*Asks:* 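Before we start, here is the structure in question, set down as structure tokens.
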Amino acid sequence: MAVSEKSLNDAYDMVYLAACAVNNHIPDQHRTEQMDLENVYALSCYHGMASLIGMSVEAVFDGKWPDSPLFVKWDKIICQTVCRETLMDAERQELLAFCEEEGIWYLPLKGIYLKELYPAPGMRQMADNDILFDKSFQPIIRRWFEEHGYMVKSYNRGSHDVYLKEPFYNFEMHTYLFGFEHDPKWQAYYEKVKERLISDTGKSCGYHFGNEDFYIYNTVHAFKHFSRGGTGLRSLLDCYVYLQALGDSLDWPYIEKELELLGAAEYEKNVRTISLKVFSGTDPLTQETLAEDEKEFFEEILVSGTYGTFDRLVKNSMKKLKPEEEKPSARTKICYLWRRLFPGPEHMALYHPFFTKHRWLIPAGYIYRFIFSGVKGFKRIISEFNTVRKM
């Protein structure tokens, strides 16, 4: 997807403000006032970076926002993000204390650690808390959430259970990191993940990755999103912040060897190179900063946003069926749609286990899935069909 020059300039403005924020530098006021801040705000929301960019803009005005609806919105997001982080931290600590009492081993993931490396609370926005835990205690964890007023959005369907509570509490409790729906290399590598973990000091059940293994997992996790629906600028910023905090102390030969094994070495090299180029300085970023191939990679991330796009997800899924095709053929499109309508036995066993207990029930399972999906996601089904048709 092509990126207009205007959108690219807005993105470079946002990158400049982000670089100032994570490098503890006050942006140039004249340069900031020349920006299309409405567009920068919208782009920062799209990439899950509105709080961080808002803090950077706020510093320009010495903490005294100009009288404008835009700045009211930005200030509200900052306050909400800091509040959300504080309350989510407290709720998570209560959950983990329960795990200690019950003897349930656990591993907080991704943003829970990354946010601590940013210069200030609330800079690294988080939609949820991701925690890996001992699957054998799944019913006990569910009971804890239900007793604390959470709604069970998803349970025993896929890699994680989802628990929600007003006004914004969101926990994803992972029972495994990668499964059959992901690259088999990742599934095999992390199948016995506990063997790769380090026990938390002063805890009997808490674990964490070593610095290198944390970087490797986060890279593979981001690559998973990049190779499916896409991943946004925050993934680049996370990489930069981590490298600034720990880069010199990391065992790079080990990291590179493991990422090569996992098929993510090239992706990591691109992310590391570009993140250091665009966030290291506080000088304005220009289109000459990046080489042509780097600019193409950057623009791919730019259009993806925090959670990727549906069109990119469909496109990449079809590409995996026939990697040699530049444009999917009619046969590939039909094959893709057939697999979406009638997924394999692993999918059915995971998402519709009731129907896979007896072989004679499997056809009924496909009928149930088709009807259930049609009722709940009719618009999405039509959108996916039209996306495939247009490719």
Side-chain angles (χ1 to χ4, degrees), residues 88 91-114 126-165 169-200 203-210 213-214 216-225 227-229 262 264 307 343-357 365 369:
M88 284 286 281
E91 193 85 344
R92 185 179 66 257
Q93 291 308 316
E94 190 174 343
L95 168 64
L96 299 186
F98 172 77
C99 290
E100 290 286 337
E101 292 171 6
E102 296 294 321
I104 306 170
W105 73 263
Y106 58 87
L107 168 70
L109 298 167
K110 302 178 301 185
I112 294 174
Y113 287 121
L114 284 169
M126 293 172 58
D128 50 52
N129 272 209
D130 294 271
I131 300 171
L132 179 70
F133 74 105
D134 187 344
K135 180 178 172 58
S136 60
F137 289 89
Q138 206 171 1
I140 294 175
I141 290 293
R142 173 173 180 159
R143 187 174 72 240
W144 184 91
F145 277 105
E146 289 177 328
E147 289 175 351
H148 285 74
Y150 282 80
M151 177 191 76
V152 182
K153 183 179 180 182
S154 176
Y155 181 75
N156 205 25
R157 291 167 59 87
S159 64
H160 56 270
D161 302 330
V162 181
Y163 300 99
L164 306 174
K165 184 172 71 172
Y169 295 100
N170 185 342
F171 281 83
E172 292 191 355
M173 302 300 294
H174 294 252
T175 53
Y176 59 85
L177 295 180
F178 298 102
F180 78 90
E181 66 271 38
H182 303 124
D183 191 314
K185 295 191 293 291
W186 306 346
Q187 183 181 8
Y189 189 87
Y190 287 104
E191 187 173 10
K192 297 180 180 179
V193 65
K194 196 178 177 185
E195 296 176 0
R196 299 181 179 276
L197 305 181
I198 301 169
S199 181
D200 291 346
K203 303 287 184 181
S204 59
C205 299
Y207 290 85
H208 62 277
F209 280 117
D213 285 319
F214 181 87
I216 291 167
Y217 168 69
N218 276 281
T219 297
V220 175
H221 177 82
F223 182 48
K224 176 192 74 173
H225 288 291
S227 58
R228 298 176 73 183
L262 292 163
Y307 304 109
E346 298 94 344
H347 178 100
M348 294 299 292
L350 186 60
Y351 292 99
H352 305 287
F354 174 78
F355 296 99
T356 55
K357 290 179 181 178
R369 179 180 180 275

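Everything quoted here is computed from the prediction, not taken from an experiment.
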*Asks:* Does any donor atom in the side chain of N129 or E172 lie under 3.5 Å from an acceptor atom in the other side chain?
*Replies:* no
*Asks:* Indicate whether any N or O donor in one side chain lies under 3.5 Å from an N or O acceptor in the other, for D130 and H160.
*Replies:* no
*Asks:* Are the side chains of D161 and V152 in contact, using a 4.5 Å heavy-atom criterion?
*Replies:*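 Of all side-chain heavy-atom pairs linking D161 with V152, none is under 4.5 Å.
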*Asks:* Between L109 and L132, is a side-chain contact (heavy atoms from CB on, under 4.5 Å) present by the stated rule, with each step listed?
*Replies:* CA-CA 7 Å; L109 298 167; L132 179 70; 4.2 Å; yes
*Asks:* Do Y155 and P139 make a side-chain contact, defined as non-hydrogen atoms from C-beta onward lying under 4.5 Å apart?
*Replies:* yes
*Asks:* Centroid separation under 6.0 Å, is that true for the rings of Y163 and Y150?
*Replies:*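 Judged by ring-centre distance (under 6.0 Å), Y150 and Y163 do not meet the cut-off.
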*Asks:* Between W144 and F98 (side chain of the first, backbone of the second, donor and acceptor by atom type, cut-off under 3.5 Å), is there such a pair?
*Replies:* no
*Asks:* Would you mind reporting whether F145 and M151 have side-chain heavy atoms less than 4.5 Å apart?
*Replies:*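 Sidechains of F145 and M151: no contact.
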*Asks:* Taking side chain as C-beta onward, heavy atoms only, is Y176 less than 4.5 Å from Q187?
*Replies:*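 When only atoms from C-beta onward are counted, Q187 and Y176 do not touch, as no gap falls below 4.5 Å.
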*Asks:* Show your working on side-chain contact (heavy atoms from CB on, under 4.5 Å) between L262 and W186 and close with a plain yes or no.
*Replies:* CA-CA 6 Å; L262 292 163; W186 306 346; 3.8 Å; yes
*Asks:* Can you give me the closest heavy-atom contact between T175 and G158, atom names plus distance?
*Replies:*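 Nearest pair, atom of T175 first, then G158: OG1-O, 4.2 Å.
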*Asks:* So F178 and Y189, do their side chains get closer than 4.5 Å, heavy atoms only?
*Replies:* no
*Asks:* Answer yes if the ring centres of Y190 and Y217 are under 6.0 angstrom apart, and no otherwise.
*Replies:*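 Between Y217 and Y190, which both carry aromatic rings, the centre distance is below 6.0 Å.
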*Asks:* Backbone N or O of F209 within a donor-acceptor pair of the D213 side chain at under 3.5 Å?
*Replies:*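 No; judged by distance alone, with no hydrogens or angles, the pair does not exist.
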*Asks:* Answer yes or no: is there a side-chain heavy-atom contact under 4.5 Å between I104 and Q138?
*Replies:* no
*Asks:* Test side-chain contact (heavy atoms from CB on, under 4.5 Å) on Y207 and Y106; report intermediate values, then the result.
*Replies:* CA-CA 6 Å; Y207 290 85; Y106 58 87; over 6 Å; no
*Asks:* Do any N or O atoms from the side chain of H182 and from the backbone of G179 form a donor-acceptor pair under 3.5 angstrom?
*Replies:*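 Here the side-chain-to-backbone pair exists.
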*Asks:* Within the structure provided, determine whether L177 and V220 are in side-chain contact (heavy-atom separation under 4.5 Å).
*Replies:* no
*Asks:* Looking only at atom types and distance, does a side-chain atom of K110 sit under 3.5 Å from a main-chain N or O of N218, one as donor and one as acceptor?
*Replies:* no
*Asks:* Side chain of E100, backbone of K203: donor and acceptor closer than 3.5 Å?
*Replies:*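 Here the side-chain-to-backbone pair does not exist.
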*Asks:* Under 3.5 Å, is there a donor-acceptor pair between the E94 and H148 side chains?
*Replies:* yes
